[in-house]
Amino acid sequence: MEAVPLKKPTLVTEISKEFTFEAAHRLPNVPVGHKCSRVHGHSYRIEITIRGPVHPQLGWIVDFAELNAAWQPIHAQLDHQLLNDVPGLENPTSELLAAWLFERLFIPGTRIARIRVAETCTSSCTVFPAED
Ligand SMILES: Nc1nc2c(c(=O)[nH]1)N=C([C@H](O)[C@H](O)COP(=O)(O)OP(=O)(O)OP(=O)(O)O)CN2
Ligand SMILES: [Zn+2]
């Protein structure tokens with residue numbers, strides 16, 4: 001049998017960085033008696049993922065420091081707050097917080113592939129553009 005040369009695969013590359021903040025929230029629209037109708041707190045973990053071409057000289061999509069810089073104003077707005085008091089987060093579910101973050105995080109020259117919000121060790125929500 002004749003050997004077929006292997007074709008080098010085209011790679012899709014993503015980078016991710018995780019951030020944390022502490023905040024309280026309550027869910028105003030849940031049924032009476034639902035545990036989340038009461039104010040309680042979470043150590044939120046947010047993972048931001050960027051997809052894009054790898055720069056031929058630098059060897060990276062973007063410096064992780066750029067993600068850090070984009071995160072800082074968001075952290076300042078959310079950390080140690082009652083999320084319900086933050087404009088746009090009156091009903092701060094994981095789903096709506098993830099969408100809120102997606103609308104506000106901007107990293108020059110890149111596009112965000114997805115954002116993951118984890119409220120607890122076992123509960124999380126991921127948002128990404130519909131065309132993906
Ligand atoms: N789809 C969603 N469901 C729930 C949300 C949410 O944002 N989206 N949020 C909550 C509460 O904020 C709750 O604090 C977190 O949920 P849950 O996983 O139920 O928390 P527990 O640690 O109590 O979970 P157990 O696994 O039952 O211990 C609720 N639902
Ligand atoms: Zn909660």
Side-chain angles (χ1 to χ4, degrees):
M1 195 193 291
E2 206 174 309
V4 181
L6 284 176
K7 199 175 157 218
K8 206 174 166 189
T10 304
L11 300 180
V12 175
T13 308
E14 293 181 344
I15 58 168
S16 298
K17 195 163 176 65
E18 188 171 298
F19 301 97
T20 61
F21 68 95
E22 314 293 326
H25 76 162
R26 63 179 192 85
L27 301 186
N29 300 338
V30 293
V32 174
H34 192 289
K35 64 180 177 181
C36 298
S37 65
R38 299 186 292 274
V39 173
H40 60 282
H42 293 292
S43 295
Y44 285 88
R45 286 173 294 122
I46 310 297
E47 186 183 70
I48 302 167
T49 300
I50 305 290
R51 181 182 302 170
V54 177
H55 189 283
Q57 268 77 49
L58 295 170
W60 64 31
I61 297 174
V62 68
D63 191 339
F64 285 119
E66 298 284 338
L67 280 71
N68 203 30
W71 172 252
Q72 292 316 309
I74 301 286
H75 183 269
Q77 206 176 349
L78 300 182
D79 189 49
H80 284 76
Q81 298 293 335
L82 176 61
L83 295 184
N84 304 71
D85 291 344
V86 177
L89 288 177
E90 292 79 10
N91 181 21
T93 63
S94 296
E95 288 89 335
L96 297 179
L97 174 57
W100 187 92
L101 290 168
F102 203 93
E103 285 166 16
R104 285 160 180 80
L105 273 163
F106 178 68
I107 298 151
T110 71
R111 75 185 188 96
I112 294 177
R114 61 183 172 277
I115 294 179
R116 179 172 181 266
V117 169
E119 282 192 0
T120 73
C121 294
T122 57
S123 304
S124 69
C125 169
T126 303
V127 292
F128 49 88
E131 63 268 22
D132 284 7

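Only this structure's heavy atoms are used, side chains among them; waters, hydrogens and symmetry mates stay out. Counting starts at 1 for both ligands and their atoms, in listed order. FYI, the numbering just counts along the sequence from 1.
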Do [X] and [Y] touch side chain to side chain, with heavy atoms closer than 4.5 Å?
X	Y	answer
Ile15	Leu67	yes
Thr49	Ile115	no
Ile48	Lys17	no
Leu89	Asn84	no
Pro92	Leu97	no
Trp100	Leu78	yes

Short N/O distance, under 3.5 Å, between [X] and ligand 1?
X	answer
Glu95	yes
Glu119	yes
His42	yes

Report task. For Thr126 and Arg116, work out which heavy atoms get closest and say how close. Result ->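 Reported closest heavy-atom pair: OG1-CG, 3.6 Å.
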[X] (side chain) donor-acceptor with [Y] (main chain) under 3.5 angstrom:
X	Y	value
Ser123	Thr120	no
Trp71	Glu18	no
Glu90	Gly88	yes

Query raised in the report: Under 2.8 Å from the Zn ion (ligand 2), protein N/O/S atom count?
Result: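 Atoms of protein N, O or S type lying less than 2.8 Å from the Zn ion (ligand 2) total 3.
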Enumerate the atoms of ligand 1 whose separation from the nearest heavy atom of [X] is less than 4.0 angstrom.
X	result
Ser123	17 (P), 18 (O)
Leu27	9 (N), 10 (C)
His25	12 (O)
Thr93	7 (O)
Lys35	19 (O), 20 (O), 21 (P), 23 (O), 24 (O), 27 (O)
Ser94	6 (C), 7 (O)

What residue and heavy atom of the protein are closest to [atom], and at what distance?
atom	answer
atom 11 (C) of ligand 1	Cys36 SG, 2.8 Å
atom 26 (O) of ligand 1	Thr122 OG1, 4.1 Å
atom 22 (O) of ligand 1	Thr120 CG2, 3.8 Å

Is at least one protein non-hydrogen atom found at under 4.0 angstrom from [atom]?
atom	result
atom 9 (N) of ligand 1	yes
atom 18 (O) of ligand 1	yes
atom 29 (C) of ligand 1	yes

**Report entry** side chain to side chain contact (heavy atoms under 4.5 Å, CB included) against Val39, all qualifying residues, sequence neighbours excluded
**Finding:**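 By the side chain to side chain contact (heavy atoms under 4.5 Å, CB included) rule, Val39 matches Ala24, Arg26, Leu82.
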Query raised in the report: So which of Val127, Leu101, Leu105 actually passes side chain to side chain contact (heavy atoms under 4.5 Å, CB included) with Ile112?
Result: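 Exactly one pass, corresponding to Leu105.
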Requested in this report: Using non-hydrogen atoms of the residue, decide whether Val30 is closer than 4.0 angstrom to ligand 1.
Outcome: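 Under 4.0 Å: no for Val30.
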Query raised in the report: Are Ser94 and Glu119 close enough that a side-chain donor and a side-chain acceptor fall under 3.5 Å?
Result: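 Note: Ser94 and Glu119 side chains meet the donor-acceptor criterion.
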Requested in this report: Fit a plane to each ring of Tyr44 and His25, take the angle between them on a 0 to 90° scale, and name the class: parallel (under 30°), tilted (30 to 60°) or perpendicular (over 60°).
Outcome: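 Perpendicular.
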